[in-house]
*Asks:* 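If you scroll down you'll find the structure; I have some questions about it.
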Amino acid sequence: MFKKNWKKIALTAGMSLTMLTAACGQDESGESGSEGSGEGSGSSGEESGESSGDQTESSANVGEAVEYTITGIEPGAGITQSTDDALSEYDSLAGWEQNASSTAAMLSELRTRYDNEEPIVITGWNPHYKFAQFDLKYLEDPQNVYGEAEEIRTLARTKLEEDMPGVYKILDRFEWTLEDSESFLLEAQEKDIETVAQEWVDNNQDKVDEWINGVESVDGEEVELALTPWDSERASSAVVKLALEQKGYDVTLTPVDPSVVFEAVANGDVDGSTAAWMPETHGTFYEEHKDNIVDLGANLEGAKTGLAVPTYMDIESIEDLQPAE
Ligand code: PBE
């Protein structure tokens with residue numbers, strides 16, 4: 001019964017996300033559509049980059065060259081909210097906008113601009129493969145809008161320990177490193193996530209054993225985990241699914257927006273999630289639901305979010321950007 005309701009919530013959230021994306025994208029996607037096809041401001045940015053001896057002038061031209069736009073991702077992402085906060089908190093970002101469309105659109109624009117050595121300011125995060133594929137740097141964030149030390153935490157519904165102590169134990173014990181996750185994600189550029197997860201488990205059965213040791217096997221008991229649709233969480237969820245399956249659980253993974261992950265765990269519509277970016281990125285969702293959620297702690301330490309630019313750009317801090325006139 002729960003599950004039926006839950007699917008409805010998930011579907012509604014998915015639809016509103018799509019509609020929001022379509023609505024937001026309309027005029028902005030016009031801009032980004034023309035960006036690849038030789039719009040003038042990109043190349044003028046490049047010229048000024050070459051001739052720049054003057055830091056202020058070259059930074060001002062970065063703003064112009066990117067049309068005072070941060071290339072963001074999905075509207076429902078935590079990092080999109082943090083970036084809205086940055087837009088209102090930094091004087092240097094006055095008059096700037098965030099183009100929140102999708103991760104795929106951000107990556108494709110990054111690729112185009114990067115290949116032409118044109119400026120771009122993106123919303124970036126680790127774990128992700130983009131730092132291995134492109135030379136990127138985070139802009140310093142002196143006002144600490146994106147937080148200092150992010151980690152990815154595992155959540156459980158309040159009754160999980162009582163109802164399914166084995167699942168609770170495995171979720172509680174699951175952890176891996178930033179390096180594990182990023183080499184997984186790089187590998188997953190060539191193969192699908194389920195294949196890479198199986199390979200990871202085959203190569204790291206000793207770690208999996210630490211999570212599942214002493215847990216009683218079951219016969220097809222159903223477990224549902226919520227996740228967000230980004231590769232980092234698709235990866236961790238796929239690994240945990242295989243670990244649970246080794247003990248006989250029948251695991252369903254349901255991707256939804258971050259706000260819905262917290263809502264679904266708090267309502268007990270799903271058993272848990274490995275997708276909570278804390279304390280900053282999903283902090284507002286956590287605050288809203290924390291009384292009805294069990295926080296099982298970090299499954300990955302050293303995560304990070306922020307504004308990032310290619311290293312060929314001559315700026316180091318969000319404060320080096322210039323407000324739009
Ligand atoms: N991310 C990746 C997500 C969580 C996982 C940082 C893009 C976000 O909500 O911002």
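Just so you know, ligand 1 is whichever comes first in the structure, and atom 1 is the first atom listed for that ligand.
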*Asks:* Going by atom types only, do Thr103 and Trp230 share a side-chain donor-acceptor pair under 3.5 Å?
*Replies:*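 Yes, because at least one side-chain N or O of Thr103 sits under 3.5 Å from a partner of the opposite role on Trp230.
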
*Asks:* Students should find this: residues with any non-hydrogen atom under 4.0 Å from ligand 1. What is the answer?
*Replies:*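 Those residues closer than 4.0 Å to ligand 1 by some heavy atom are Ile73, Ala77, Gly78, Ile79, Trp125, Trp230, Glu233, Pro258, Trp277, Thr281, His282.
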
*Asks:* Do Asp85 and Ser82 have a side chain donor and acceptor closer than 3.5 Å?
*Replies:* no

*Asks:* Output yes when Asp163 and Arg157 qualify as a salt bridge under the 4.0 Å nitrogen-oxygen rule, no when they do not.
*Replies:*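 Result for this pair is yes, salt bridge flagged.
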
*Asks:* Going by ring pair (Phe, Tyr, Trp, His ring centres under 6.0 Å), name the residues that satisfy it together with Tyr249, two or more places apart in sequence or in a different chain.
*Replies:* none

*Asks:* Looking at Lys241 and Glu194, does any basic side-chain N land under 4.0 Å from a carboxylate oxygen?
*Replies:*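 Salt bridge absent between Lys241 and Glu194.
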
*Asks:* Any salt bridge linking Arg234 with Asp231? Criterion: basic side-chain nitrogen under 4.0 Å from a carboxylate oxygen.
*Replies:*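 Salt bridge flag = yes for Asp231 with Arg234.
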
